There are 2 protein chains.
Amino acid sequence: MNNSEPGLSEQILRIAKRLFINKGYYGLAMREISDELGVSKAALYYHFKDKEQLFLAILQAHLEEIEAGINQIVAETGSSAEQIRKFVAYVLSQPAEQRATIRLASQEIVHLSPTSRKTFGKNYQDKFVGKIQSILRAGMDAGEFRGLQVEVATWALLGMMYPYFYPTHTGEKPVPNKTIQEITDIYLKGIKK
Amino acid sequence: MNNSEPGLSEQILRIAKRLFINKGYYGLAMREISDELGVSKAALYYHFKDKEQLFLAILQAHLEEIEAGINQIVAETGSSAEQIRKFVAYVLSQPAEQRATIRLASQEIVHLSPTSRKTFGKNYQDKFVGKIQSILRAGMDAGEFRGLQVEVATWALLGMMYPYFYPTHTGEKPVPNKTIQEITDIYLKGIKK
DNA sequence: CCTACCGATCGGTAGG
DNA sequence: CCTACCGATCGGTAGG
């Protein structure tokens with residue numbers, strides 16, 4: 001028999017994601033999640049081994065979403081500059097909570113166990129940062145961009161988007177198109193030959 | 001009689017700063033600070049009302065240091081582009097711990113009481129973000145930079161430096177001069193007319 | 001009475 | 001999945 005209900009695991013992930021974003025890893029008690037869901041705290045531990053694994057599941061799901069987005073852009077789009085433009089638009093057009101999840105990851109991984117940190121760090125590099133590096137490297141090889149240190153160029157781009165990953169910065173409102181365009185213009189103008 | 005000893009208050013601030021950077025606001029127990037200093041935990045509460053006030057004192061001191069640095073640059077330097085160049089060099093040439101303090105502030109203020117958050121937020125704007133805004137606005141008015149949204153241009157600059165505020169990113173090593181130069185080049189090329 | 005603390009313990013809460 | 005709990009540790013404060 002198919003279960004048409006949302007499934008508690010998914011509900012936990014959804015609520016916990018919102019709460020982790022607003023309160024941080026240590027700032028959120030497991031109790032708050034169960035209370036909002038109207039279940040016991042022990043119920044959370046039935047679906048997730050511990051707090052760390054719940055947190056990682058949230059980050060992992062988000063990482064795979066982003067990876068899919070980037071892969072699609074790279075597959076569909078022509079020039080490296082156009083790929084960068086699409087990438088920035090894609091990320092900054094996400095709802096505030098999705099944007100905040102990227103910040104959550106880079107901000108709170110220090111609080112995880114060395115093993116989890118290493119595993120997630122590798123995924124973060126493979127599915128996200130590395131993809132951007134590849135786009136930039138291709139653009140440099142093609143003579144589209146200047147010959148910069150690829151890592152420096154990568155982090156310059158990610159850094160420019162970072163302020164919009166803070167809920168306090170934009171509130172719950174979407175990033176205006178004009179802002180997205182100006183950010184992209186500054187960056188591309190800055191790295192183009 | 002002058003007291004030539006360092007003074008416990010200053011020692012607390014120094015140690016706590018390093019620990020807050022590595023463990024975050026909730027991740028650091030007051031006990032850990034007192035243990036490293038070889039004093040009792042109660043001694044901390046003699047010098048600082050509570051954990052929040054200790055944390056704020058650290059951020060406040062750092063903010064005033066940065067403000068002084070920016071003020072000096074603005075006073076000494078000619079063109080807006082040159083001021084930006086000096087500002088980036090000044091911030092990224094700081095030791096890793098100093099760089100990490102800026103990240104600490106923007107990352108952990110959410111965990112403070114609304115009153116503290118508001119007060120510090122105003123100072124952060126007045127002594128740091130607002131100063132950069134002024135430089136960029138002056139550069140735009142003088143026709144040195146393109147006509148961009150000043151806030152967008154400000155956060156693009158701060159964002160580009162942000163990755164170097166993470167200890168994990170550069171380790172304890174200083175930011176290489178070549179990297180500082182490339183970051184500045186990308187940004188200035190991007191906003192110049 | 002003051003300063004600069006200490007040893008011990010308070011009420012609550014964390015993850016499990 | 002729940003009720004009923006645990007070991008430990010948290011920030012903060014008592015008297016002296």
Side-chain angles (χ1 to χ4, degrees), chain A residues 1 3-17 19-59 104 108-117 120, chain B residues 1-59 104 108-117 120:
Chain A
M1 214 157 66
N3 194 344
S4 58
E5 300 164 49
L8 189 52
S9 278
E10 283 71 27
Q11 284 185 268
I12 293 170
L13 288 167
R14 206 190 76 239
I15 300 288
K17 182 178 184 173
L19 293 172
F20 271 128
I21 286 169
N22 290 317
K23 320 196 93 184
Y25 185 74
Y26 285 138
L28 174 61
M30 294 296 269
R31 192 64 186 253
E32 299 178 61
I33 304 169
S34 55
D35 280 359
E36 273 220 29
L37 284 164
V39 298
S40 76
K41 200 175 48 166
L44 306 179
Y45 287 91
Y46 177 82
H47 292 277
F48 299 94
K49 195 198 148 215
D50 53 25
K51 194 183 186 182
E52 179 165 311
Q53 290 304 313
L54 168 57
F55 186 68
L56 279 169
I58 293 167
L59 300 189
L104 185 67
E108 308 283 2
I109 29 166
V110 285
H111 298 128
L112 304 182
S113 71
T115 312
S116 300
R117 203 159 59 209
F120 182 78
Chain B
M1 213 156 69
N2 278 337
N3 194 345
S4 57
E5 299 165 51
L8 190 52
S9 279
E10 284 71 28
Q11 284 184 266
I12 293 169
L13 288 167
R14 206 189 75 239
I15 301 289
K17 182 177 183 173
R18 198 192 71 221
L19 292 173
F20 272 127
I21 286 170
N22 290 318
K23 319 196 96 187
Y25 186 73
Y26 286 136
L28 174 61
M30 293 295 271
R31 193 62 186 254
E32 299 179 61
I33 304 168
S34 54
D35 281 359
E36 274 220 27
L37 283 164
V39 299
S40 76
K41 199 177 49 162
L44 306 180
Y45 287 91
Y46 179 82
H47 293 278
F48 299 94
K49 195 197 152 218
D50 52 28
K51 196 184 186 183
E52 178 164 313
Q53 290 305 313
L54 168 58
F55 186 68
L56 279 168
I58 293 167
L59 300 189
L104 185 66
E108 308 282 2
I109 29 169
V110 285
H111 298 128
L112 304 182
S113 71
T115 311
S116 300
R117 204 158 58 207
F120 182 77

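Bear in mind the structure is a predicted one, so any value in this text is a computation, not a measurement. Letters A, B, ... are given to chains in the order of the sequence lines, protein chains preceding strands, and every chain is numbered from 1.
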Base-paired stems that DNA chain C participates in, counting runs of 3 or more Watson-Crick or G-U pairs under 3.5 Å: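 None - DNA chain C has no stem of 3 or more consecutive pairs.
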
How long is the line joining [atom1] of [X] and [atom2] of [N], in whole Å?
| X | N | atom1 | atom2 | value |
| --- | --- | --- | --- | --- |
| B/Arg31 | C/dT9 | CZ | P | 13 Å |
| B/Leu8 | C/dC6 | CG | P | 8 Å |
| B/His47 | C/dC5 | NE2 | C1' | 8 Å |
| B/Tyr45 | C/dC10 | OH | P | 17 Å |
| B/Leu112 | D/dG11 | CG | P | 14 Å |

How far does [atom1] of [X] sit from [atom2] of [Y], to the nearest 0.5 angstrom?
| X | Y | atom1 | atom2 | result |
| --- | --- | --- | --- | --- |
| B/Ile12 | B/Leu37 | CD1 | CG | 6.5 Å |
| B/Ile33 | B/Leu28 | CD1 | CG | 4.5 Å |
| B/Ile21 | B/Glu108 | CD1 | CD | 11.0 Å |

Taking the inter-plane angle between the rings of B/His111 and B/Tyr25 on a 0 to 90° scale, is it parallel (under 30°), tilted (30 to 60°) or perpendicular (over 60°)?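 Rings of B/His111 and B/Tyr25: parallel, as their planes differ by under 30°.
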
With sequence neighbours excluded, what pairs up with A/Ile58 under the side-chain contact (heavy atoms from CB on, under 4.5 Å) test?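 A/Ile58: side-chain contact (heavy atoms from CB on, under 4.5 Å) contacts with A/Leu13, A/Ala16, A/Lys17, A/Phe20, A/Leu54.
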
Detail all sub-3.5 Å separations between protein N/O atoms and N/O atoms belonging to nucleotides 1-3 of chain C.
from	atom 1	to	atom 2	distance (Å)
C/dT3	O3'	B/Tyr46	OH	2.9

Near DNA chain D, which residues from residues 48-59 of chain A have a heavy atom under 4.0 Å away?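 Those residues: none at all.
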
Let's see if you get this right: which residues in residues 35-44 of chain A place a heavy atom under 4.0 Å from DNA chain D?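 Within this stretch, A/Val39, A/Ser40, A/Ala42, A/Ala43 sit under 4.0 Å of the strand.
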
Could you give all pairs that pass the salt bridge (charged side-chain N to carboxylate O under 4.0 Å, His left out) test and reach residues 38-48 of chain A, with sequence neighbours left out?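 Listed by first then second residue: nothing to list.
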
Can you tell me which residue pairs pass the salt bridge (charged side-chain N to carboxylate O under 4.0 Å, His left out) test with a partner in residues 44-55 of chain A, sequence neighbours excluded?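 Non-adjacent pairs meeting salt bridge (charged side-chain N to carboxylate O under 4.0 Å, His left out): zero.
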
Pairs meeting criterion ring pair (Phe, Tyr, Trp, His ring centres under 6.0 Å) with involvement of residues 27-51 of chain A, two or more places apart: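 Non-adjacent pairs meeting ring pair (Phe, Tyr, Trp, His ring centres under 6.0 Å): zero.
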
Under a 4.0 Å heavy-atom cut-off, which of residues 22-30 of chain A touch DNA chain C?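 Close to the strand are A/Leu28, A/Ala29, A/Met30.
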
Looking only at atom C1', what distance separates C/dA8 and D/dG12, rounded to whole Å?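 Roughly 13 Å separates the two C1' atoms.
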
Side chain to side chain donor-acceptor pair (under 3.5 Å) pairs, two or more places apart, involving residues 27-36 of chain A: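 Every pair satisfying side chain to side chain donor-acceptor pair (under 3.5 Å) with a residue in residues 27-36 of chain A: A/Arg18-A/Glu36, A/Lys23-A/Glu32.
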
